[in-house]
Amino acid sequence: MLAQQARALGKFFADTHFTAIHTSDLKRAFWTAQALCDAQKDHKPAFDSSELLREQHFGVAEGKPWAYSSNRNVNLEEEMTKGVYPMLHGSDEKFPGGESINELGQRAHRVITTLVLPHVWQAAKEGKTGIHVAFVSHGLCILQMISEFLKMSAKQVTGIVDYHGLLNTAWTRLVIDIEVRMLG
């Protein structure tokens, strides 16, 4: 099923020339990015993987079943000893050895400064528009990347769409425009 979805994504974007494709090094995202790259016509884009694009790390809860709600009369450690890993709600909450949403946001900020902005500055320097760069990642990481982009915007962003609950097969397009001001 995953391979079919990845190939369908590649086919959908086959006529969209990507300058580069950056992907998480985790298998599902990597395979999806590879299918996107393989479907590109003409010359292939630059392709790389990065740990920065990984999904939020859940520490001891990684790969364990989780629960939507928890018994808040019992502390997190007691729940974990019972094999219950509740959905965390606070931005600083995390499982032992894991990463909080705020820490994921800091990592997303690093993605923007090290992987995204070099493409933006290069396009601006060359006077190019319509550059397409793909970032293949995971729902929570993408959500934090969008949040960090919006924080960096020079303009007040209105009409923000709620990006919570991105599905595994979802995609999002973000368009970045550079505003050039002439002095004098």
Side-chain angles (χ1 to χ4, degrees), residues 1-10 12-13 16-40 43-66 76 80 85-123 131-153 162-176:
M1 179 78 146
L2 172 63
Q4 280 180 307
Q5 291 172 337
R7 282 192 301 274
L9 176 77
F12 182 82
F13 283 109
T16 302
H17 173 69
F18 288 98
T19 302
I21 298 173
H22 300 277
T23 183
S24 163
D25 62 342
L26 299 179
K27 287 180 184 177
R28 184 168 51 189
F30 189 89
W31 291 338
T32 301
Q34 189 64 61
L36 180 62
C37 186
D38 290 346
Q40 289 287 286
H43 63 282
K44 301 294 183 198
F47 184 95
D48 68 49
S49 66
S50 173
E51 290 181 0
L52 289 175
L53 288 164
R54 284 184 177 183
E55 183 60 292
Q56 180 180 6
H57 184 58
F58 293 102
V60 298
E62 197 71 44
K64 303 278 187 355
W66 54 276
L76 183 61
M80 289 188 305
Y85 297 88
M87 181 182 268
L88 303 176
H89 298 286
S91 296
D92 288 316
E93 285 188 301
K94 62 182 177 179
F95 292 104
E99 178 179 42
S100 72
I101 286 291
N102 283 338
E103 291 167 337
L104 178 58
Q106 292 167 0
R107 182 160 48 90
H109 188 84
R110 285 195 313 273
V111 167
I112 293 167
T113 59
T114 62
L115 298 177
V116 178
L117 288 181
H119 293 290
V120 173
W121 303 141
Q122 185 66 32
I131 302 298
H132 293 89
V133 180
F135 290 85
V136 183
S137 186
H138 314 271
L140 295 172
C141 185
I142 293 169
L143 169 66
Q144 291 305 309
M145 286 175 61
I146 292 169
S147 176
E148 290 300 315
F149 268 121
L150 294 175
K151 289 176 190 174
M152 296 171 91
S153 177
D162 182 7
Y163 287 97
H164 289 84
L166 290 173
L167 302 174
N168 287 336
T169 57
W171 65 272
T172 300
R173 175 173 281 176
L174 179 66
V175 177
I176 301 172

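If you read the sequence from its start, that first residue is 1, and numbering goes on from there.
Residues that satisfy the salt bridge (charged side-chain N to carboxylate O under 4.0 Å, His left out) test with K151, not counting sequence neighbours, are E148. Scanning for side-chain contact (heavy atoms from CB on, under 4.5 Å) contacts around D25 gives S49, E51, R54, with sequence neighbours left out. Evaluation of the side chain to side chain donor-acceptor pair (under 3.5 Å) rule for E55 yields no partner, not counting sequence neighbours. In this structure T23 satisfies the side chain to side chain donor-acceptor pair (under 3.5 Å) test with no other residue, sequence neighbours excluded. With sequence neighbours excluded, no residue forms a salt bridge (charged side-chain N to carboxylate O under 4.0 Å, His left out) with D48. For the salt bridge (charged side-chain N to carboxylate O under 4.0 Å, His left out) test, no residue two or more places apart in sequence or in another chain qualifies with E62.
Taking NZ of K44 as the start and CG of D38 as the end, the distance is 6.0 Å to the nearest 0.5 Å. To the nearest 0.5 angstrom, D92 atom CG is 5.5 Å from S100 atom OG. The CZ atom of F12 sits 14.5 Å away from the CD atom of Q5 when rounded to the nearest 0.5 Å.
Of all heavy-atom pairs spanning L52 and T114, the tightest one is CD1-OG1, 3.7 Å. When all heavy atoms are compared, the tightest approach of L36 to A134 is CD2-CB, 3.7 Å. Residues F18 and P45 come closest through the heavy atom pair O-CB, 2.9 Å. Across S24 and S137, no two heavy atoms sit closer than the pair CB-CA, 4.4 Å. Scanning all heavy atoms of the two residues, the minimum distance from A6 to A35 falls at O-CB, 3.5 Å. The shortest non-hydrogen separation linking I101 to Q56 is CD1-OE1, 3.5 Å.
Counting heavy atoms from C-beta outward, H17 and Q40 have side chains that approach closer than 4.5 Å. Residues R107 and E99 have side chains in contact (heavy-atom distance under 4.5 Å, counting atoms from C-beta outward). With a 4.5 Å cut-off on side-chain heavy atoms, H89 and M87 count as touching. L26 places none of its side-chain heavy atoms less than 4.5 Å from the side chain of F30. Put simply, the side chain of V116 does not reach to within 4.5 Å of the side chain of V133, judged on heavy atoms.
Without hydrogens or angle criteria, Q144 side chain to E103 main chain gives no donor-acceptor distance under 3.5 Å. With hydrogens and angles ignored, the 3.5 Å screen pairs no side-chain donor or acceptor of Q34 with any backbone N or O of W31. Using modelled atom types, one side-chain atom of T32 and one backbone atom of R28 make a donor-acceptor pair closer than 3.5 Å. Although no hydrogens or angles enter the test, the distance criterion places no donor-acceptor pair under 3.5 Å between the side chain of K94 and the main chain of F58.
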Original post:
Hey, mind stepping through L117 and I112 against side-chain contact (heavy atoms from CB on, under 4.5 Å) and telling me if it holds?
Top reply: CA-CA 6 Å; L117 288 181; I112 293 167; 4.0 Å; yes

**OP:** Decide side-chain contact (heavy atoms from CB on, under 4.5 Å) for M80 and V60; before the verdict, give the C-alpha distance in whole Å, the side-chain angles of both, and the deciding distance to 0.1 Å.
**Re:** CA-CA 9 Å; M80 289 188 305; V60 298; 4.0 Å; yes

Original post:
Step by step, would you call H138 with I142 a side-chain contact (heavy atoms from CB on, under 4.5 Å)?
Top reply: CA-CA 6 Å; H138 314 271; I142 293 169; 6.0 Å; no

Original post:
Where do W66 and F95 land on the side-chain contact (heavy atoms from CB on, under 4.5 Å) test, with the steps shown first?
Top reply: CA-CA 12 Å; W66 54 276; F95 292 104; over 6 Å; no

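Classified by interplanar angle (parallel below 30°, tilted 30° to 60°, perpendicular above 60°), the ring pair F135/H22 is parallel.
Around CH2 of W121, the count of heavy atoms belonging to other residues, nucleotides or ligands within 6.0 Å does not exceed 12.
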